[in-house]
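What follows is a set of notes on a single structure, which appears directly below.
As the structure is a computational prediction, the values presented were derived from the model and not from experiment. Just so it is clear: chains get the letters A, B, ... in the order the sequence lines come, proteins before strands, and each one is counted from 1.
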Protein chains: 4
Amino acid sequence: MPNTPPVKPVPGGETRPRGRPRDEGARLAILRAAREMLERGGVAAVTMEGVAQRAGVGKPTIYRYWPNAHAVAMAALLEDAPAEPETRAARGALPALRRQLRQIATLFATPMGRSVTMMLASADQDTELSKAFRNHFIMARRTDGKALLAAAITEGALRPDFDVEVALDLIYGPLFYRLLAGHARLDATFTDALLDHVLAGLAARRQRVTKS
Amino acid sequence: MPNTPPVKPVPGGETRPRGRPRDEGARLAILRAAREMLERGGVAAVTMEGVAQRAGVGKPTIYRYWPNAHAVAMAALLEDAPAEPETRAARGALPALRRQLRQIATLFATPMGRSVTMMLASADQDTELSKAFRNHFIMARRTDGKALLAAAITEGALRPDFDVEVALDLIYGPLFYRLLAGHARLDATFTDALLDHVLAGLAARRQRVTKS
Amino acid sequence: MPNTPPVKPVPGGETRPRGRPRDEGARLAILRAAREMLERGGVAAVTMEGVAQRAGVGKPTIYRYWPNAHAVAMAALLEDAPAEPETRAARGALPALRRQLRQIATLFATPMGRSVTMMLASADQDTELSKAFRNHFIMARRTDGKALLAAAITEGALRPDFDVEVALDLIYGPLFYRLLAGHARLDATFTDALLDHVLAGLAARRQRVTKS
Amino acid sequence: MPNTPPVKPVPGGETRPRGRPRDEGARLAILRAAREMLERGGVAAVTMEGVAQRAGVGKPTIYRYWPNAHAVAMAALLEDAPAEPETRAARGALPALRRQLRQIATLFATPMGRSVTMMLASADQDTELSKAFRNHFIMARRTDGKALLAAAITEGALRPDFDVEVALDLIYGPLFYRLLAGHARLDATFTDALLDHVLAGLAARRQRVTKS
DNA sequence: ATCTAAGCGAGACGGTACGTCACGTCTTGGG
DNA sequence: CCCAAGACGTGACGTACCGTCTCGCTTAGAT
């Protein structure tokens, strides 16, 4: 056969993928379509057929990228939320943490918030995409929060001798709880009160936890 | 409780339902079948066809009781968990609260725990059954916890001047958070540490960590 | 469970099928749709999706009756051709045979003729439907022909001492041959000539052309 | 022969094709792969994707030679059967004809025989390849047979005054008939009996049609 | 010794149809 | 009026091929 060695296995180099490269435009169209369908109808509305039609794409193309509709919805949510970490700003770490919580509450108030929770609650915990999803929507926020707590300790605003992991659970847990349970509003008033309660036990000695 | 009145209680009359009465055995068989299918495969495995076949029941019979498969799964979970409230026992309210949290963690560790969360996360928040479900799995626990906190205040174990609702969110929220996020184990060690942290700020001590 | 013995296994009786009976109307609509699609486009045009849509029927309904599109096409052809055996008429068996051949040639000249041949040529020779199809389109005609040949012998028009099976192959074979090969027209002129040739050797004459 | 001129024979010039010439090895690999897939699975198994993969060839390369899978299968069958005409051998034309029929029966008994028939029965009667196919598998044999009949007349074994075309239909038709109908074996016993019957009516006067 | 046009493998692309599954509704005969 | 059974139209599933279209690479005659 001709072209017998079609790839040069360059040692230590990039084996460039053969054949026609994937069409990034198709991928984007799929995600955009999925996003639209997520907004109306939620996760259940993200069907392969619907996405294919709306994106002007063949079903096999979608399956080339993701194994099922669930994964497409996840990817759409992932692509959508651009992380925007709450960096420690002007007046200290604790105000920054307060802003982050308010921001999360705002996100959760949208239909997307419920979608995110549904995806988190769903099955297939162990796929790569699932981990990325969790990482993006939970661990990233948590990592930011961890840094802010450490900064607060450095600033002398918090005691240095508490279990940070549990504190983080105390801070973020109630948000999901209210979202799931729906027994009360999930707004800035709540996040502020929540933070006050958590920090009350962690304030540096004779240091006041003022309005932070 | 779900589906308590299968017939319309016509006010002022004892209009006995005409025709053949509903077969309670069928209802139980349906719920039992749904429970079995929940355990393997989770919520997605509870299909109308599967339940009908496994229960030896016609599909219309199921639809007579519940409007869709989701509701059947909810009802099965509701019927299954018999509440068993953690009453304030021997040595005080706070140990009882501690026991309740451990018990919840134990439930969440089972496959059923994840199913419960999935159902909570699902759509149709506003049906009667959905509210009953929330009431059973969230508010009932929360109500118990509220009573225990009140008792602890009465016992003098806690300060009387904190926001009980936020405290309850702090106590139960992290459980759902860990279940959803899966970033760390959900066991007695965690629930104990969690409770310690929350109560640390609420203990009835001379020294306070207040805002002023 | 209620209604425990739902079927009375009447010994030696008809176990009447339970549940909703099949809708004969659906079956007929399917066959009619398939027939229409056969006429334009031939066998390849008979797709499950097309038939379902045109017949106003769900795909699973079609699959309840037939296992694949091929079978549907066969069934449509079978239902269509009402056999109409060429009975030995007024003036003897041989004229009747002649009429039968002309009639077959007429059928083969239509688009349906080619479809029939394609189905005969197709795979899955051993299904029940395939056998029925062969039986209808080949053996039925052949059986008629056999009876006519026997009658002709009785009438004294043909010798009694020839191999009827081979004679039948000689009579019907060339029809399919011309249809497949397409090297010449398939009309009454041909069928008449064909029959003359075959019968020439079988005529009850004094002079014989035998092997000995 | 198929695809003989892969380049347009520009009249009046020997414009040698520019660029890289076609790889004959690829063409052969394709046909070999198609042949293999024909043997198991028949015509339906000859898919473009399958052939491409099995032949280690890109799909566009196949499309450069043939317009669809059907054509590839035809070409594979054409390439395979090398015609081998039954020339009038030692002891006369009729024995040669007898041998030809036996040989055809042998071919038809193989899975390839059915494939040939399916291709003949298929649609697109009018493409160049279809005509070549018919020519190869039907007319070539028929032409040989015609020559043999003529020779037999010359030899004095047959009467000179019969319609040769109809006689040829009588001879070859039953072979296809039995293949399609499958009502009886297609072997040398049958072809011999068939030939005897046909020739019985055509034997020269007072000349015996002996074992031929 | 380049240039350049065509063939090459690979494989992604928009489609169409496949055959399956579960949905929620309906229609039976029987209790 | 309930029950079991099961057929119905609907619609999404995930798969297989279709025939077309890039890709980057030969290959070999023309420059």
Side-chain angles (χ1 to χ4, degrees), chain A residues 1-8 16-23 25-27 44 47-50 52-53 55-65 67-69, chain B residues 7 17-23 25-26 44 47-50 52-53 55-64 67-69, chain C residues 1-8 16-23 25-27 47-50 52-53 55-65 67-69, chain D residues 6-7 16-23 25-26 47-50 52-53 55-64 67-69:
Chain A
M1 235 53 48
N3 311 75
T4 4
V7 291
K8 293 182 184 173
R16 185 137 34 69
R18 307 225 286 152
R20 175 175 175 175
R22 294 205 168 166
D23 182 355
R27 200 183 130 267
T47 68
M48 286 305 214
E49 309 239 308
Q53 182 171 357
V57 142
K59 278 201 290 172
T61 297
I62 310 182
Y63 282 104
R64 237 169 256 130
Y65 288 95
N68 51 53
Chain B
V7 293
R18 310 212 305 160
R20 175 175 174 174
R22 289 203 174 167
D23 181 357
T47 68
M48 286 305 214
E49 310 241 305
Q53 182 173 355
V57 141
K59 281 198 290 172
T61 299
I62 310 182
Y63 281 104
R64 239 170 255 128
N68 52 52
Chain C
M1 234 52 49
N3 312 74
T4 3
V7 290
K8 292 181 184 175
R16 183 137 34 69
R18 306 226 287 153
R20 176 176 175 173
R22 293 205 171 167
D23 182 354
R27 201 182 128 267
T47 68
M48 286 306 214
E49 309 239 308
Q53 182 171 357
V57 142
K59 278 200 290 173
T61 298
I62 310 181
Y63 282 105
R64 240 170 252 130
Y65 288 95
N68 51 54
Chain D
V7 293
R16 189 104 47 68
R18 309 217 303 162
R20 176 176 177 175
R22 290 202 175 169
D23 181 356
T47 68
M48 286 305 213
E49 310 239 307
Q53 183 173 353
V57 142
K59 282 199 288 172
T61 298
I62 311 182
Y63 281 103
R64 237 169 256 130
N68 52 51

Whole-Å distance, A:I62 CD1 to F:dT15 P, equals 13 Å

When rounded to the nearest 0.5 Å, the distance separating CZ of C:R27 from CZ of C:R22 is 10.0 Å

Between CD of D:Q53 and P of F:dC18 the distance, given in whole Å, is 12 Å

What protein N or O atoms touch nucleotides 18-23 of chain E N or O atoms at under 3.5 angstrom, if any, and at what distances?
unit_1: E:dC18; atom_1: OP1; unit_2: C:M48; atom_2: N; d: 2.8
unit_1: E:dC18; atom_1: OP2; unit_2: C:M48; atom_2: N; d: 2.7
unit_1: E:dC18; atom_1: OP2; unit_2: C:E49; atom_2: N; d: 2.8
unit_1: E:dG19; atom_1: OP2; unit_2: C:Y63; atom_2: OH; d: 2.7
unit_1: E:dG19; atom_1: O5'; unit_2: C:Y63; atom_2: OH; d: 3.2
unit_1: E:dG19; atom_1: N7; unit_2: C:K59; atom_2: NZ; d: 3.1
unit_1: E:dG19; atom_1: O6; unit_2: C:K59; atom_2: NZ; d: 2.8
unit_1: E:dC23; atom_1: OP1; unit_2: B:M48; atom_2: N; d: 2.9
unit_1: E:dC23; atom_1: OP2; unit_2: B:M48; atom_2: N; d: 2.8
unit_1: E:dC23; atom_1: OP2; unit_2: B:E49; atom_2: N; d: 2.9

Rounded to whole Å, the CG-P distance (C:D23 to F:dC8) equals 6 Å

C:T47 meets the side-chain hydrogen bond (donor to acceptor under 3.5 Å, both in side chains) criterion, sequence neighbours left out, with none

By side-chain contact (heavy atoms from CB on, under 4.5 Å), B:N68 pairs with (sequence neighbours left out) B:H70, B:A71

With sequence neighbours left out, the residues meeting side-chain contact (heavy atoms from CB on, under 4.5 Å) with C:A26 are C:D23, C:V57, C:T61

Residues at least two apart in sequence or cross-chain that pass side-chain contact (heavy atoms from CB on, under 4.5 Å) with A:A52, listed by chain then number, are A:K59, A:I62

Please confirm whether the shortest side-chain N or O distance from A:T61 to OP1 or OP2 of E:dG14 is below 4.0 Å.
yes

In whole angstroms, the gap separating P of F:dG19 from CZ of A:R20 amounts to 17 Å

